[in-house]
2 protein chains.
Amino acid sequence: MKGIRQLAEHLDISIGTVSRALNGKPDVNEETRRRVLATAEQLGYVANQSGRSLRQGETKVIGLMIESGQETVENADNFFLGVTSGLQSVFARHKLDLLMLPCPGDEDPCEYLKRMVARRVVDAMIISNTLRIDRRVDLLSRAKIPFVAVGRSLSADNFPWIDLDFEGVAERAVERLVARGHRRIAITAPSSDVNLGYVFVESYRRTLERLGVPFDPLLVIRVKSSEQGGYQAAHELLQLEDRPTAVILIYELMAIGLYRRLMESGIRIGRDLAVIGFRDAPRARFLQPSLSCFRMSLYDLGIALGQILLANMPAHRASYPDGGRNIIWPLELVPGESDAFEIGAPA
Amino acid sequence: MKGIRQLAEHLDISIGTVSRALNGKPDVNEETRRRVLATAEQLGYVANQSGRSLRQGETKVIGLMIESGQETVENADNFFLGVTSGLQSVFARHKLDLLMLPCPGDEDPCEYLKRMVARRVVDAMIISNTLRIDRRVDLLSRAKIPFVAVGRSLSADNFPWIDLDFEGVAERAVERLVARGHRRIAITAPSSDVNLGYVFVESYRRTLERLGVPFDPLLVIRVKSSEQGGYQAAHELLQLEDRPTAVILIYELMAIGLYRRLMESGIRIGRDLAVIGFRDAPRARFLQPSLSCFRMSLYDLGIALGQILLANMPAHRASYPDGGRNIIWPLELVPGESDAFEIGAPA
DNA sequence: CTGAAAGCGCTTACAG
DNA sequence: CTGAAAGCGCTTACAG
């Protein structure tokens, strides 16, 4: 089956009527519609998207940008795949398709995004991993492409985003550790300019001060957000004079590398050192002793992201009247054994 | 900047000349070309893809289909993200963009593929996780869409694919274990109809027979290809009378669950039971004792996939004259401690 | 070397 | 309720 023209000829009616029947327009005889739908199904006709897009000015495609550099990939978690299901459940109701746009590692993310947006392959974008200063946010704002970001940024002061509750996580982790007698609490932070690092460390600092524990900048360990970064963090931690009795991690896979390095040096996690991890990744569930960490539903996050995005698309806004623009996404503490001891208590 | 018309008006030349200049056609005055390129850059003009696609009958987009059901996702590894970089490095040379098409968990993969193909959003497809009988292979063959599959299938007898060397892996694993005195060797296999399961178990059976070790169907443990599946496999293994002394795994994450269950029951891996894992996943590197497993480069696999695909696209065939259609992708054994003992040797 | 025109496949006012 | 026609943005023979 080629195009609508062949289908129309086959049915011996005009292409206009075929189009109206296929698109569920009301002014079509029911009998005609049935014939059209049946024949289209039988011949496997589906409208060419380029033709539709050109005429309608929209592609019915939402893009999810991900970064696929080789290094990123080695340590990538399934964050995006997890979010995808939730997003699709929302988009399906509007007959929108989600495509993932993997930015090559050797291409500037902003250039890549610009190219994709200018080519008009998508109607709207989801971006993530937002930097503190992120030109993509400006780009999308200026181009008036509907978008939503996973992560805040300083680049524009009023754009749609959802961010994980890094403040809350750092705050509760610090409170929990201080309550157990810890005074020397280290924290890991990403070495990149990603915005969450600032938020995380800042909340850690504030909470310490509120609880009357001095903030020591030496205890902020900047490493890559990866398993290797966790290994490195443990390594640096072991070098510190007046070694900390606790450490708070920021990225789920860090725990794996950190555990490995600590075990190598004979440190007993949950006895000699308290560890609180960030997100409860499936692949960190095996850790012994079990990791105290924070949990969230990627699926639900995907739903929320989808709703915010649609609320910002002219064609769908009406369906989401209460579409909040910004959400701080809460995480729930899952207590484990990795921080289950009190400083000064008998071993 | 809107379309080519505005750009042409701005330059005060015809849209035809603008188009030719932008597309690098030879019959354009160099001075004119410079002006056009400079102005396009300055105004941020990029050709609307729908217009191009409609006119040229091709989208310059290659689709990589992945399955994004919630369950799949929980256990998904980074296989695809890893392959993506290699694919892109090949496609970039031809100005082709790679998009990932995540099939929703509640949609039939074949219907999804049919829809995407019929809408003509991509010029060619990469599919994976091929089933023993896979309608997608028929669909793509009949629709004459260039494609390449990761994994063989019985559905068509001559289509482009690359498959991991499951035969070789099973064969070498069995040989290695038999050489160390094992006679009761269990193997895991996926519970689904995915083709690799058949290949893997069949090679295991043949190798056992060649080495004079009886094949016992009870030692083929069918479980989900996931961490949980590994846990389950260990569980079933422990129930077997005349318990096996070795087990061969098929999916990288299985090792994690398997280790956990074995540790719970006090079995010493590498002493009481030999384990050989499948692929060397980053997140399995922490396992203690270290896992004997097989290694491959996802990046190189991506390159090979890209080349085979292009060799099957009329527009690019000429660049890949020796584009082999099928490749069995080798894996290299990485010896670890998990099988480092001989049956009958003093403990 | 450049311009004018056709046409890719569709949807949608507009007439009837 | 249906058909004929315009036009979305582009590329490409075809004239000149």
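In what follows, chains carry the letters A, B, and so on, assigned in the order in which the sequence lines appear, proteins first and then strands, with residues in each chain numbered from 1.
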Here the distance between atom C1' of C/dT11 and atom CD1 of A/I4, to the nearest Å, is 8 Å
For B/T17 and C/dT2, is the shortest distance between a side-chain N/O and OP1 or OP2 below 4.0 Å?
no
Crowded around B/R325 CZ? As in, over 12 foreign heavy atoms under 6.0 Å?
yes
Phosphate OP1/OP2 of D/dC10 contacted by B/Q56 side-chain N/O (<4.0 Å):
no
Anything under 30° is parallel, anything over 60° is perpendicular, the rest tilted; go ahead and classify B/F159 against B/F147.
parallel
Measure from CG on B/L54 to C1' on D/dC10 and round the result to the nearest Å.
8 Å
What is the distance from CG of B/L22 to P of D/dG9, rounded to the nearest Å?
16 Å
Give the nucleotide from the list C/dT11, D/dT2, D/dT11 with an atom nearest to the side chain of B/R52.
D/dT11
When both distances are under 3.5 Å in a Watson-Crick or G-U wobble arrangement, the nucleotide paired with C/dC14 is D/dG3
Lys/Arg-Asp/Glu bridge criterion (N-O < 4.0 Å) met for A/E58, A/K60:
yes
Integer-rounded Å distance: D/dA13 C1' and B/I15 CD1
14 Å
Between B/K25 and A/P26, name the one whose nearest nucleotide on DNA chain D is closer to the 5' end.
A/P26
If only side-chain N and O atoms of B/T32 are considered, is one of them under 4.0 Å from the OP1 or OP2 phosphate oxygen of C/dC1?
no
Output the rounded distance in Å from CG (A/N48) to P (C/dC8).
12 Å
Closest nucleotide of DNA chain C for B/E30 versus for B/G16: which of these residues is on the 5' side?
B/E30
What about B/Y320 and B/H94, are their ring centers closer than 6.0 Å?
yes
Ion pair check, B/R136 and B/D134, cut-off under 4.0 Å:
yes
At 4.0 Å (heavy atoms only), tell me whether B/S53 reaches a base, stays on the sugar-phosphate, or touches nothing.
nothing
Quick one: label B/I13 by what it contacts on the DNA or RNA (base, sugar-phosphate, nothing), any heavy atom closer than 4.0 Å.
sugar-phosphate
Which of the following nucleotides, D/dC1, C/dG9, C/dT12, is nearest to the side chain of A/D27?
D/dC1
Between D/dC8 (C1') and A/R120 (CZ): distance, integer Å:
13 Å
Under 4.0 Å, heavy atoms only, any strand: does B/S19 hit a base, just the sugar-phosphate, or nothing?
base
Quick check on B/D12: does its CG atom have over 12 non-hydrogen neighbours (other residues, nucleotides or ligands) under 6.0 Å away?
no
Length of the line joining A/R55:CZ and D/dC10:C1', which is rounded to integer Å
16 Å
Grab the CD-P distance between A/E58 and C/dT11 for me, whole Å please.
11 Å
Hey, does the side-chain of B/R20 have a donor or acceptor N/O within less than 3.5 Å of a partner on the base of C/dG3?
yes
Given C/dC10, is OP1 or OP2 found less than 4.0 Å from the side-chain N or O atoms of A/Y45?
yes
Could you check whether B/G57 gets within reach of a base, just the sugar-phosphate, or nothing at all, counting any heavy atom under 4.0 Å?
nothing
